[in-house]
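Taking it in order: structure first as structure tokens, then the write-up.
Atoms considered below: every heavy atom in the structure, side chains included; atoms not considered: hydrogens, waters and symmetry mates.
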Amino acid sequence: MSERKGNLMSVRSDVKVLDATIRDGGLCNNFEFTDEFVTELYKSNIKSGVDYMEFGYKASKTLFDPSKFGKWKFCNEEDIRAIVGDNVSDMKIAVMADVGRCDFKTDFLPKSESVIDMVRVACYIHQIPAAVEMIEYFHQLGYETTCNIMAISQANTDQVEEALTMLCQSHVDVIYLVDSYGSLYPENAAKLAKQYLQFADEYGKKIGFHGHNNQNLAFANTIETMSYGVSYLDATAMGMGRGAGNCAMELLLGFLKNPKYSLYSLLTFVENYMIPLKQSGVVWGYDLQYMLTGQLNRHPREAMAFTADERSDYCEFYKSLLDNF
């Protein structure tokens, strides 16, 4: 498993690109995207050759007040269909369901009645049993499933192996390595990817990677893990995502050699929609406060508060992080 799969010129038919702009980016603007924005991103993704588009979360309306969030926090079937119709395209539709934050037994239709193709179950490592229950339920409904184990950089090797063993014995299709804190470097991202792939190969599962850009390494980690066999790759337009953001879709599509992927419509979308969104005051992307939490392998919540307060006293912030380490 130490061998790289192909080289920089290879076209890998197993690689799938997933656009998470609305879901991860929604954490930056409370999911308040216009229908025009989402429709144009949908069209752009199809033209760009993107394989999956994640529309947002299926969050519980009892835990989260729908009047306080945009509609993509909840991804009602009729709201997705208002954008995609019956989705007469090769691109598949995904949503995310967080363990403990969704009403999965009441809020999902059978796949035969839904335009959604894939449900991505997100959990922390101690929530794997609950995640497996959800995965089995969605599998029975007919959906493709993933399990996105968050904050993996804080788990120990034994925990990771136990989690992978449980997931590989479930009906999950894809297991995601998630660098929630943006603390991984290509070397340890590759090491984890190889561990995941070892299990995946034995049980016939696929592995995905979802990076955060706290240390400007989301793209580097994505292509490094891909080089060893990770095949589901998450990215967002202009890297839009919580805190420091994600792997930028324009970097990934520009790197992949498969001719099905194209940059032109994405660049048009960036010009017409992403730049105005930034100019309107929505904030995301690499900054020193995110670098510091990434280097310390910490949740970015303190850096997000620092950003919201428009602070620039980086030295004081760093000292406060170290004091609470």
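Counted by atom type alone, Asn45 and Ser48 present zero donor-acceptor pairs between their side chains at under 3.5 Å. Between the side chains of Tyr290 and Asn213, no donor-acceptor pair of N or O atoms lies under 3.5 Å.
Heavy atoms of other residues, nucleotides or ligands lying less than 6.0 angstrom from NZ of Lys111 number more than 12.
The backbone N or O of Lys191 sits nowhere less than 3.5 Å from a side-chain atom of Asn188 that would complete a donor-acceptor pair. Side-chain atoms of Thr165 come within 3.5 Å of backbone N or O of Glu161 as a donor-acceptor pair. Of the possible donor and acceptor atoms, one in the side chain of Asn156 sits under 3.5 Å from a partner among the backbone N and O of Asp158. Here the side chain of Ser114 pairs no donor or acceptor atom with the backbone of Leu109 at under 3.5 angstrom. Remark: the backbone N or O of Tyr261 is not paired with any side-chain donor or acceptor of Asn258 at under 3.5 angstrom.
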Taking only distance into account, with no hydrogens and no angle test, what donor-acceptor pairs under 3.5 Å do side-chain atoms of residues 317-325 form with protein atoms, sequence neighbours excluded?
from	atom 1	to	atom 2	distance (Å)
Lys319	NZ	Glu316	OE2	3.0
Ser320	OG	Phe317	O	2.7
Asn324	ND2	Ser320	O	3.0

May I have the list of side-chain donor-acceptor pairs in residues 242-255 shorter than 3.5 Å, sequence neighbours left out?
from	atom 1	to	atom 2	distance (Å)
Arg242	NH2	Ser180	O	2.6
Asn246	ND2	Asp24	OD2	3.0
Asn246	ND2	His210	NE2	3.2
Asn246	ND2	Gly211	O	3.2
Asn246	ND2	His212	NE2	3.4
Glu250	OE1	Met238	N	3.0
Glu250	OE2	Met238	N	3.3

What side-chain donor-acceptor pairs closer than 3.5 Å can you find for residues 90-98, not counting sequence neighbours?
from	atom 1	to	atom 2	distance (Å)
Lys92	NZ	Glu144	OE2	2.6

Between side-chain atoms of residues 270-279 and protein atoms elsewhere (two or more places apart, or another chain), which donor-acceptor pairs fall under 3.5 Å?
from	atom 1	to	atom 2	distance (Å)
Asn272	ND2	Thr268	O	3.4
Tyr273	OH	Glu36	OE2	2.6
Lys278	NZ	Trp284	O	3.0

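Identified under the salt bridge (Lys or Arg N to Asp or Glu O under 4.0 Å) test for residues 226-236, with sequence neighbours left out: Arg120-Asp234. Residues in residues 291-307 take part in these salt bridge (Lys or Arg N to Asp or Glu O under 4.0 Å) pairs, two or more places apart or across chains: Arg298-Glu302. Annotation: salt bridge (Lys or Arg N to Asp or Glu O under 4.0 Å) contacts involving residues 78-89, sequence neighbours excluded, comprise Glu77-Arg81, Arg81-Asp86. For residues 217-232, the salt bridge (Lys or Arg N to Asp or Glu O under 4.0 Å) pairs, not counting sequence neighbours, are Arg4-Glu224. Among residues at least two apart or in separate chains, ring pair (Phe, Tyr, Trp, His ring centres under 6.0 Å) pairs with a member in residues 172-207 are Tyr181-His299.
By the salt bridge (charged side-chain N to carboxylate O under 4.0 Å, His left out) test, Lys71 is found to be paired with Asp35, residues two or more places apart in sequence or in another chain being considered. For Asp173, the salt bridge (charged side-chain N to carboxylate O under 4.0 Å, His left out) test picks out no residue, with sequence neighbours left out. Among residues two or more places apart in sequence or in another chain, the ring-ring contact (aromatic ring centres under 6.0 Å, His included) test is passed with Tyr314 by Phe306.
Salt bridge absent: Asp309 and Arg311 never bring a charged side-chain N and a carboxylate O closer than 4.0 Å. A salt bridge links Lys260 with Asp51: at least one charged nitrogen is closer than 4.0 Å to a carboxylate oxygen. Note on Lys58 versus Asp103: no salt bridge recorded, every NZ/NE/NH1/NH2 to OD/OE distance being 4.0 Å or above.
Residue Ala163 comes nearest to Ile128 through the heavy atom pair CB-CG1, 3.8 Å, listed as atom of the first residue, atom of the second, then distance.
Of the candidates Ile116, Ile83, Asp19, Phe55 forms a side chain to side chain contact (heavy atoms under 4.5 Å, CB included) with just one, namely Ile83.
A cation-pi arrangement is absent between Lys73 and Phe31 under the rule of less than 6.0 angstrom and at most 45 degrees off the ring axis.
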